[in-house]
Amino acid sequence: MVADELLKDLNPAQKQVASTTEGPLLVLAGAGTGKTRCIIYRAGYLIATGCTRKENLLIVTFTNKAARELRQRLADTFNLASTNLWVGTFHSIFGKILRFEADHLPFTANYVIYDEKDQKNLVKKIIKELNIDAKRFKPQVVRSIISRQKNNLLKPEQFWEFNEYTPWSKEILKIYIRYQEYLQAQNALDFDDILMNMAYLLADNEAVRLKWQKKFRYIMIDEYQDTNYAQFEIIHHLAKDHQNICVVGDDDQAIYTWRGATIKNILNFESDYQNVIKIRLERNYRSHENILKLANSLISHNTSRHGKELYTDFKLPEKPHLTALDNEEGEALFVSELITEFYTTSKYAESAVLYRTNAQSRILEKILVQKNIPYRIFGGVNFYQRKEIKDILCYLRMTVNPEDLESVQRALLLSPGIGKSTLDKLALAAASQQCPIAQVILTGEFSFLGSRPAKLTTGFRQLWLDLLDASQNLSIYDLIWLVLEKTGLGALYGIDNKKDLKKKKAFADPEFQSKYENICELLNSASEFSQEYKQENDSEPDLAEYLASATLQTDLDTNDDAQDRVNLMTMHNAKGLEFDHIMIVGLEDGLLPHYRSIEEEDKVEEERRLLYVAITRARQTVHITLARWRRMSTGIDMTKPSRFIKEFDPEYLDVEHYDPHAYLTPSRPARTNHKPAARVVLESEKHFKIGQKIKHVNFGLGMILGVDGQGRDALLVIKFDDGPVKKIIGSYVDVIKK
DNA sequence: CCTCAATCACTTTTT
DNA sequence: GTGATTGAGG
C-alpha cells in the first residue's frame with residue numbers, strides 16, 4: 001500500500017504513532033526518540049491517506065522556531081506548501097484566532113499584546129494610583145500572581161474560590177481588577193489573556209466552538225508536559241467531540257511548572273479522554289549509551305513519573321566528564337579549551353554551553369572574547385524588548401491601536417521637549433474631559449499647556465496623524481522607515497539614508513554600533529515577516545499581526561545566521577535542541593538546584609529534570625563542571641557541590657579534580673597551581689545580613705537587626721533570643737546555617 | 001519645565 | 001553590570 005511506503009523510514013513504534021489516526025493518542029517520547037519526526041510523518045500520513053486536508057489540521061509547538069522547522073520539513077518531506085497550514089505556538093495561533101473572533105470579545109482585532117515589561121509598568125502604575133505600599137507589593141510579584149490566576153482561568157470574580165481571604169490577598173484582587181480594566185481600556189491583552197480569552201470564548205459561545213471544532217478535525221500538541229490549565233481547556237474544547245487528539249510529551253522533561261504548566265495534563269491524559277491509545281518511544285537515536293545511562297541514573301531519583309528507560313545501540317568508550325575548577329574564571333577557561341579542542345573535529349555550532357541562570361553567561365562571554373572564539377548567546381534581553389527596538393515599535397503600536405497608552409506615553413517621552421509634567425497635564429485633561437488621552441491629543445486642543453509644550457505636542461499630533469494615514473497604504477518595512485525619518489530616531493542612530501544602510505562604517509562606540517545593527521535587523525525581519533506572511537496566509541500582512549508576532553517572538557526564534565558560532569544558553573532554552581558537545585557549568589547547590597528551589601522537594605525534582613534535559617541534548621560528549629569558589633552578589637563564596645552529583649551512577653562518569661572532601665575544610669583551600677582570580681573572602685569574613693541567625697559565646701542565640709561595615713570588622717546590632725539588643729563586632733559571632 | 005548625571009537596589013527559568 | 005529613581009543644573 002502507498003501509505004505504508006510513506007512510513008518506511010520509521011521504526012515500529014514511530015510507525016504506530018504515525019498511522020494511528022483516529023481517537024486520542026498519548027505518545028510518551030523520551031529525549032532524542034524522534035518525536036518531531038513522528039509529528040511530521042503523522043501529519044503527512046493523515047493528508048496522504050485522505051483522512052483530512054491540511055487546513056483542517058492543527059499542530060501546536062512550543063516555540064516559533066520549532067513551528068518554522070516543522071513547516072520546512074513538511075514542505076521538504078511531503079511537498080506540503082505552508083499556505084493554510086496551522087502550525088504555531090499556543091500564543092501565536094490563538095492570538096490570531098482571537099483577531100478573527102474579535103466581534104464576540106471586549107476588544108478589537110487591532111489589540112496589542114503587552115509584554116512582561118509593559119505588564120510590570122502597568123502594575124506599578126496601579127499600585128501607585130491605589131496608594132498601596134510598594135514595598136509589600138512588588139510589581140513583579142503581583143504580576144506573577146495575576147498571571148497564575150489567568151493560567152488557571154480565574155477571572156477576578158472567581159478570585160475567592162481559590163484564594164485565601166487575607167488583607168494581603170484583598171489588595172491583590174483590587175490590583176487585579178484595576179489591571180484588567182486598564183488592559184481593556186487600552187485594547188490590550190497580556191500573554192495570559194490570550195489563553196484565558198480563548199478558553200472562555202470556546203466555553204461560552206457554542207457557535208464559535210462548533211466552528212473551530214469543525215475546522216480542526218485533527219489536533220497534535222508537542223511538549224504536552226509543559227502545557228498549563230488554560231491550554232488544556234482550549235484543546236479540550238476543540239477536541240472533546242471528535243477526540244482526534246494526539247499529544248506528545250515526556251514527563252521527565254517538564255521544566256515549566258513555575259510558569260503554571262501542570263504535569264497533570266500529561267499524567268491524567270488517559271482519564272481526560274476515552275479509549276486512549278498510549279505509545280512509548282524509548283529508543284534513543286541521539287546520544288550514545290554512556291550518556292543515556294548517566295541521565296537515566298539521575299532521573300531515577302524522581303518519584304512522580306510515568307517511568308521509562310531510554311536505550312540505544314550506539315556505544316562509545318567515551319564517558320561524560322565531571323570536572324571541578326577553582327573558580328568561575330577557571331571554569332570558563334576550561335570550557336574555552338574544550339571548545340577549541342572540539343573545533344578540530346567539528347564546527348563551533350556543534351558545541352553548546354548550558355547554564356542555569358543568564359547571569360552566568362557573562363564570564364563565559366568574557367573568556368570567549370579573549371580567546372577569539374565566536375559565540376552566539378540566546379536569552380537575556382529579547383531582541384524585541386531592547387530599548388531601541390521598542391522605541392521604534394511603540395510608534396507602530398499607537399498607530400495600529402491608538403488606545404495603547406503605554407506606547408503613546410513612551411512615544412511622548414521620546415519626543416524632545418516633552419516630559420513628565422506635560423504627560424501629567426494631558427492625563428489630567430483627559431480625566432476632566434472623561435475621554436482617553438489619545439483623544440485629547442488627536443483633537444489638538446492644548447490650551448491647558450504652556451506655549452512651548454503646546455507647540456511640541458501639536459507636532460507630535462501631526463506625526464501621529466501622518467503615521468495613521470501612512471499605515472493605510474505603506475508596507476510594514478516602509479512604515480518603519482517613516483518612523484525612523486519623522487521621529488529623528490533614524491538620525492539619532494546614524495540611519496538617515498535608505499541606500500547607505502550597508503555602507504555605513506563602524507562607529508566608535510560599540511554600544512552605539514550594536515543599536516545600529518539591531519535597527520537594521522529590525523528592518524530585515526520586517527520584510528522577512530511580510531514575505532512569510534504572504535506565503536502562509538495568501539493575503540497581505542497587517543500591522544497588528546506583525547506587532548503580535550514581534551511580541552511573541554523569543555530570542556530563540558530569531559533566524560539562524562550562517563556564521564559558525566558556539567551556542568550559549570540557559571538549560572531551559574536548550575529544550576528540544578541537540579548538539580555534538582554539551583558543556584554544563586555551575587553544578588553547585590544554590591545554582592542547580594537553584595537556591596529558590598531547594599526548600600521544596602517537588603521543586604528539586606524539577607531542577608533534576610532540568611539537568612536531565614541538559615545532559616540528553618548531547619550526541620557525543622558531555623562535560624559537567626563546577627567551581628569551588630564563585631562570586632555571588634554578596635562576595636566570593638565557597639560553593640557546595642550540587643546534590644545531584646552523588647546521584648549519578650559513578651560507573652558512567654569520568655571525574656577529574658573533584659574531591660568532595662576539599663569542601664569540608666573551607667579554611668584550608670585545596671592546593672592549587674592557579675592563583676585565585678580575585679581576593680577570596682573566607683567563610684569567617686563573609687558579609688553579614690539582616691535577619692541572619694547567629695550565636696555568641698556569652699549571649700547565646702540571636703538575630704542580626706543591623707549591619708555596619710563588612711566582614712569580621714562589621715558592627716552588628718543583634719537582638720538576642722533572651723531579650724537584650726546589643727552591638728557586637730562581627731568576629732565574635734558565628735552564623736548559624738539552616 | 002526638562003535633561004542629564006549620580007546613586008540606588010536587584011539578579012531563576014520565559015510564552 | 002542593569003535599570004529605575006532621585007537630585008541638581010540649564
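Chain A is the first sequence line, chain B the second, and so forth, proteins listed ahead of strands; every chain is numbered from 1.
Residue ring and base: A/His572 does not count as stacked with B/dT13 (centre distance below 5.5 Å and interplanar angle below 30° not both satisfied). For A/Trp258 and B/dT13, the ring-to-base geometry satisfies the stacking test (centroid distance below 5.5 Å, interplanar angle below 30°).
If you check the side chains of A/Asn518 and A/Glu388, you find a donor sitting under 3.5 Å from an acceptor.
Below 30°, between 30° and 60°, or above 60°: for A/Trp86 and A/Phe100 the angle between ring planes is between 30° and 60°, a tilted geometry.
Separating the CG atom of A/Leu592 from the C1' atom of B/dT13 is a distance of 11 Å, rounded to the nearest angstrom.
Judged by a 6.0 Å distance limit and a 45° cone about the ring axis, A/Arg99 is positioned over the six-membered ring of A/Tyr111.
Distance from the side chain of A/Thr422 is smallest for B/dC1 among the nucleotides C/dA4, B/dC1, B/dT12.
In this structure, A/Asp192 reaches neither bases nor backbone, as no heavy-atom distance under 4.0 Å exists between it and the strands shown. Residue A/Pro416 is classed as a sugar-phosphate contact, given heavy-atom separations below 4.0 Å to backbone atoms only.
Mapped onto DNA chain B by nearest heavy atom, A/Ser415 and A/Tyr595 fall at different nucleotides, with A/Ser415 at the one closer to the 5' end.
Under 3.5 Å, the side chain of A/Arg356 and the base of B/dT13 form at least one donor-acceptor pair of N or O atoms.
Nucleotide B/dA9 has C/dT2 as its partner under the Watson-Crick or G-U criteria, with both atom distances under 3.5 Å.
Between A/Asn358 and B/dT13, a side-chain N or O to OP1/OP2 separation shorter than 4.0 Å is present.
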